[in-house]
Amino acid sequence: MINQLNPSQKEAAIYLDGPCLVLAGAGSGKTRVITQKIAYLINQCGYEARSIVALTFTNKAAKEMVERVSQIVDKRLSKGLTVCTFHALGVRFLRQEAKHLGLKEHFSILDATDAGQIIQEMVGTTDKIRIRIIQQQISLWKNNLLEPDDIQPATPDEKEAQRIYRNYEATLKAYQSVDFDDLIRLPVLLMRHNEEVCDRWQKRIKYLLVDEYQDTNICQYEWVKLLTAWHRRFTAVGDDDQAIYAWRGATIENLAKLTQDYTDLKIIKLEQNYRSVDTVLNAANQVIANNPNLFKKTLWSTLGKGEPIQVISMENEEAEAETVGMRISAAHFNKKAQWKDFAVLYRGNHQARIIEKAFRQLRIPYTISGGQSFFDKAEIRDILAYLRLIANNQDDPAFIRAVTTPKRGVGQTTLQHLGEFAVSKQCALFEAIFHENVDTVIQERQLKPLRLFADFIQDIQKRAHQAVEIQNPTVLLDELMTYIRYEDFLYEHHDDRSAQNRWQNVLDLNEWLKRKAEEDDMRLIDLVQHIALITMLERNEQEQEQDAVTLSTLHASKGLEFPYVHMVGVEEGLLPHMGKEDEYGDPNKDNEELYIQRIQEERRLMYVGITRAQYELTLTWCKKRKRNREELNREPSRFIAEMGLEDKQQRLSDPFKGMSAKERLAQLKQMIQKP
DNA sequence: CCACAGGATCTTTTT
DNA sequence: GATCCTGTGG
């Protein structure tokens, strides 16, 4: 098995003497190295699977890795192997060590939306931009392992944010909740000042592998360092040219820091690309050459020269979507390629909508990867609020959502009274209902629906905590659905088509929960925490192998590859993306250093996009694009110039320009007949 | 005191 | 197109 690797890959896979950094260019087979290394550890070196941990950033990457490991390692031997995201390991860690942090085992995990709402109340404003800024600031502080007390506020805004941060922390504690950042931060804090816990985890993980290392933030760096401090055996795999999560606190400096912190660090470069033809690779290399880089590397491949890259200018975004669809359609028939050989990549999620519309009209099957999460849908959040409340009745946000959806005669004012009462009694909203003096603030008439609701939740709760065999999750879920009459609720509030759609989502969620509960032998309440980390509903095996064009954001496309790639909206302002000038603070003062760094990150994003293509790459940009109501004139992205496409042949204008629907169709037919 | 209907306002990227 | 916010009716 190991023999199928090239010399550098092999070296990376079998190096075990100490810390190891693998600098893996795009398409250089880094997943292969990681999976082979895991196999090597288990098959050749006698490591127990349970003592190996591999960390990724996305569930998708984790899932793929699990699959690939299972192909090369015997099932019995790979049992107990941990391959998951940083955050998922964080959940596992915190559940196990909850008591050391004054946290209950079934703490809630708040997503960004929940956190935003909490902050909104504390700031006392509806200004969404301001809330976002504060939320981001707090998140950044957390990712840099800064406690409220560590912060020396330089501006009034920062002082305000610090105040909120303190307040926010206290609120989370009261809710028995943690946010996404805490899933990494709290384990670090605990390991730092609890020797017993620290020791236990250090000895439990005998080998650690980290994927996409360039996307780690300070907190994650520290966690890796702590977890491996005892044996110092780990492999980090990354590519500084593909770092695209600085906005989330990730810092490429972590790669450099590694060389400083570990003087015996073994650095291995993977430079052979197994994915792309020369034209694609050259374009990628040319673009990224405009960025400074930490480690010099030159990608090469042996897949041949390839077709020239095409750049097409479009009149507007409708034309763009339609033309891309038609080109894909034509290529699908001409090249006898499958739909799934094509991808359309874009900067922002909102761009997907118009492409979807065009694809539906053209009858092109597609799947959207990334983008709006299944778990962000209102109906899903509703159901999850119930589950969260059942798992943790101190979760006030979940309580508020559940008790008001569907409406059961509990409104704003009642909740406000209950809230004030709960604050005075220092208890959760849910607990306040059962407080003996609650009738002093809430009239009997308002109290009745509250009590009814709380009794029901308590009943389910009691049974949900029992062992799996006694109380099947299926029974509890079905009972919950029946009690809250959610299907009726949906039909009362939406037209039939929409309601049916939403109800189907709920059924899908239920199916998923039931299946998962059975697979992993878990109780319903144990599953709730895992859901918080999942962005997309994992489809069944058959469904995910369907033949369809992939629509994806550039961010979500990392790690994927496609024979034919279209990147749309390659325009100044969109890629590189520019924030609104008048957002906050003055744009002139917006310091230059920051601007340069932002452009560099956008350039890496462009690089990621280009390197997704195996054989053919097409870039499109629009001369006009609608933004809100105004139609703006646009210019091609600077990155197009940077690719150094001198050949004028590569620059085309929309082949369907100015045509009527009928003419376009005729043109398409012609394209299909004549390659 | 509660619920709903219609209007304005967005849209970077994600665990 | 979807979510928030506001004003009006039950």
Side-chain angles (χ1 to χ4, degrees), chain A residues 55-62 84-91 109-113 115-117 120 126-129 131-132 136 139 142-143 178-185 212 215-217 219-220 243-250 345-354 356-357 369-373 375-378 381 404-417 442-443 445-446 449 492-494 498 530-536 552-558 569 573-580 583 598 601-602 604-606 608-609 625-630:
Chain A
L55 294 178
T56 64
F57 275 84
T58 64
N59 296 302
K60 202 164 61 182
C84 66
T85 63
F86 268 94
H87 293 83
L89 187 69
V91 173
I109 301 167
L110 303 185
D111 65 23
T113 317
Q117 264 156 17
Q120 175 167 356
T126 54
D127 185 347
K128 281 192 104 177
I129 297 163
I131 290 162
R132 261 247 310 272
Q136 268 170 9
S139 175
K142 284 191 170 190
N143 288 331
V178 303
D179 62 21
F180 281 141
D181 301 323
D182 287 341
L183 293 175
I184 323 286
R185 188 183 71 115
E212 306 282 12
D215 288 330
T216 52
N217 57 39
C219 197
Q220 286 159 332
I244 53 176
Y245 285 104
W247 52 274
R248 213 166 79 180
L345 307 180
Y346 38 81
R347 176 65 232 261
N349 277 311
H350 61 281
Q351 290 172 268
R353 185 145 304 152
I354 192 144
E356 273 187 271
K357 196 178 149 203
S369 123
Q372 200 228 11
S373 156
F375 292 92
D376 272 346
K377 295 177 194 292
R381 293 185 75 92
T404 54
T405 331
K407 299 281 178 270
R408 47 169 63 81
V410 179
Q412 204 66 63
T413 359
T414 308
L415 278 178
Q416 202 173 335
H417 290 155
I442 298 173
Q443 294 167 11
R445 220 187 80 194
Q446 262 76 48
E492 280 162 30
H493 289 260
H494 306 278
S498 161
H530 288 266
I531 299 167
L533 302 182
I534 294 168
T535 45
M536 272 161 295
S552 171
T553 61
L554 288 164
H555 282 89
S557 76
K558 190 155 72 159
L574 200 62
L575 182 64
H577 184 271
M578 312 276 194
K580 282 236 289 282
E583 216 168 52
R598 274 199 4 219
E601 174 142 324
E602 296 292 311
R604 291 191 293 267
L605 204 47
M606 180 77 188
V608 167
R625 184 178 293 272
K626 278 198 263 319
R627 172 142 181 168
N628 291 342
R629 265 193 269 299
E630 235 56 60

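The shown structure was predicted, so the numbers you read here are calculated from the model rather than taken from an experiment.
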Residue list, side chain to side chain donor-acceptor pair (under 3.5 Å) with A:Glu602, at least two apart or on another chain: A:Arg347

ring-ring contact (aromatic ring centres under 6.0 Å, His included) involving A:Tyr245 - partner list, sequence neighbours excluded: A:Trp247, A:His555

Are A:Asp215 and A:Arg248 close enough for a salt bridge, meaning some N to O gap below 4.0 Å? no

Has A:Thr553 got a side-chain N or O lying under 4.0 Å from the OP1 or OP2 atom of B:dT14? yes

Which residue lies toward the 5' end of DNA chain B, A:Glu602 or A:Arg408, if each is placed at its nearest nucleotide? A:Arg408

What is the nucleic acid contact for A:Phe86, judged by heavy atoms within less than 4.0 Å: base, sugar-phosphate only, or nothing? nothing

Look at the side chain of A:His87 and the base of B:dT15, then say whether one donor and one acceptor between them are separated by less than 3.5 Å. yes

Would you indicate which nucleotide in B:dT11, B:dT15, B:dT14 comes nearest to any side-chain atom of A:Phe180? B:dT15

Sugar-phosphate, base or nothing in reach of A:Gln120, heavy atoms under 4.0 Å: sugar-phosphate

Can you name the nearest heavy-atom pair linking A:Ala62 to A:Cys84, along with the distance? CB-CA, 4.0 Å

Per A:Arg248 side chain, nearest of listed nucleotides C:dG1, B:dT15, B:dT13: B:dT15

Please give, in whole Å, the distance from B:dT13 P to A:Tyr346 OH? 10 Å

What is the separation between atom CG on A:Leu110 and atom C1' on B:dT15, rounded to the nearest whole Å? 14 Å

Whole angstrom value for the distance that separates P of B:dT15 from CD1 of A:Ile531: 16 Å

Describe, in one word, how the ring planes of A:His87 and A:Phe180 are oriented to each other, choosing from parallel (under 30°), tilted (30 to 60°) and perpendicular (over 60°). perpendicular

In whole angstroms, how far is the P atom of B:dT14 from the CD1 atom of A:Ile184? 18 Å

Can you tell me how far P of B:dT13 sits from CG of A:Leu345, to the nearest Å? 14 Å

Hey, is A:Phe57 stacking on B:dT15? Ring centres under 5.5 Å, planes under 30°. no

Find the distance A:Arg381:CZ to C:dA2:P and express it as a whole number of Å. 16 Å

For the side chain of A:Asn349, starting at C-beta, report the closest nucleotide among B:dT13, C:dG1, B:dT15. B:dT13

Just how far, in rounded Å, is C1' of C:dC4 from CD of A:Gln117? 11 Å

